[in-house]
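Structure first, commentary second.
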Amino acid sequence: MSNWKHCFVLSSWMLLATAPLPAQIVETPATFGPPKAETFMGKASSALRPPSNDPRDLNGNYVADLQKSGLAVGAPPPAAAGSPDGSHELAPSQMLCRPDARLDVSPYGGQIIQTPNRITFIAEYNHVVRRIYLNTQFPTQLEPSYAGYSIGNWDGDTLVIQTRGLKNASIADSPDVVEIKQMTERVRKIEGGQRIEDLANIEGMDRNGKPVSITRRVTILWRSDVHLQEFICEEGADRFFEK
Amino acid sequence: MKRLLFALTVLSLLNVAASTTGQAHHSPSSFDSAHPVTATGTVKQFVWSNPHTWLYLLIPNEQGGLDEWEIEGPSVGTLVRQGWKSSTLKPGEKIHVLMARRVDGGHGGTFMQVTRDNGEVLSTGRL
């Protein structure tokens, strides 16, 4: 197609896109507020109970803290966290229904199951399961995986998690980061256990082979009443990506 | 004339870019939430799937025919928590859909609320 024809087709298409609405479609003043935890997870029910007073007891169900989470100082433009206007974006791996090592369960909910030697984190979205082995060392050889391999130790009331062997760098939420060497998270209960804070330092390599370091802070909200749903992202993804 | 065509081309390409963005999963910029509309039509199909549900709505057009609109909805889990079921919308039912349209002007959008013809409001939690 010549440039002129191409130009004409594109211009015609643009004019079509701004055509007047048919009678069955009327403009309706309404305000769509930014999504909140209740938007995705429903309002808290009478089954909501207070969190444990033990700062080292993380057991329970949580939901995405869409109003509070965000990337910390020095981080690249956010992809997964709440943006300044309160809207919500997903990281590339999340868009492709891939699990990763994020704890922020965005935009849905998650569950923490704690035993003496392991903390297991399950997110509703994208089948994320993170197993954090306590008081142990990394294996000598790690096979790359979506959630990586995590070990944890308590530093006072803060759980320090180190993760290696990540298959992709999506947790960095930056297209410039192509490889992650290690992620170190400091996880602790705040606000009397109403939130968990996860302050992560991500060390990796950029596309030019230079070391990069990113700090990422997210919080999740205590919601013991939440029931996690089965979320098979892949079933509708083909319909979505065909467009 | 060349300058005008060049300007139109640039605008068109920007529009194409917006359309491409529309394919991105959950990008708010895909939809014009600043100018919501209410569309009245008949349910052709309601697809109960993740990561999005899909509502196929037949809307009368100015030529006396029907246009099929493809309207994205929240995930199954989100709707369940708002009281929806897979059978909440049935083919043939007349409904009124409050939605944000696709920014590229195509027959599609994302729905925020559905009202049955008898006035029953089906919330998605976005209002």
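Letters A, B, ... are given to chains in the order of the sequence lines, protein chains preceding strands, and every chain is numbered from 1.
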_Under 4.5 Å from a heavy atom of chain A, the part of B/Ser123 involved_ = neither

*Per-residue contact mode, B/Val80 against chain A (heavy atom under 4.5 angstrom)*: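 Contact with chain A involves the side chain of B/Val80 alone.
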
*Below 4.5 Å from any heavy atom of chain B, which atoms of A/Glu38 appear? Answer side chain, backbone, both or neither.*
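Contact with chain B is through the backbone of A/Glu38 alone.
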
*So what's closer than 4.5 Å to chain B heavy atoms on A/Glu230: side chain, backbone, both or neither?*
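Only the backbone of A/Glu230 comes within 4.5 Å of chain B.
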
Atom pair [atom1] ([X]) and [atom2] ([Y]), whose distance is rounded to the nearest 0.5 Å:
| X | Y | atom1 | atom2 | result |
| --- | --- | --- | --- | --- |
| A/Ile25 | B/Leu57 | CD1 | CG | 8.5 Å |
| B/Gln82 | A/Lys43 | CD | NZ | 8.0 Å |
| A/Tyr125 | B/Asn50 | OH | CG | 8.5 Å |
| A/Thr28 | B/Met112 | OG1 | CE | 12.5 Å |
| A/Glu27 | B/Thr38 | CD | OG1 | 10.0 Å |

*Hey, could you give me each pair passing salt bridge (Lys or Arg N to Asp or Glu O under 4.0 Å) that has a residue in residues 43-52 of chain B? Not counting sequence neighbours.*
B/Lys44-B/Glu68

_Once salt bridge (Lys or Arg N to Asp or Glu O under 4.0 Å) is applied, what residue pairs with a partner in residues 54-66 of chain B remain, sequence neighbours excluded?_
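Matches after skipping sequence neighbours: none remain.
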
_A/His227 atom NE2: more than 12 heavy-atom contacts under 6.0 Å_ = no

*Counting only heavy atoms not in B/Glu120, do more than 12 fall under 6.0 Å of its CD?*
yes

*Passing option when A/Gln24 is tested against B/Leu58, B/Ile59, B/Val37 for side chain to side chain contact (heavy atoms under 4.5 Å, CB included)*: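 Among B/Leu58, B/Ile59, B/Val37, the one that satisfies the side chain to side chain contact (heavy atoms under 4.5 Å, CB included) with A/Gln24 is B/Ile59.
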
*Just by distance, with hydrogens left out, do A/Tyr108 and B/Ser75 show a side-chain donor and acceptor under 3.5 Å apart?*
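Short answer, yes.
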
*Quick one: closest heavy-atom pair of B/Pro60 and A/Pro22, and the distance?*
O-CB, 4.0 Å

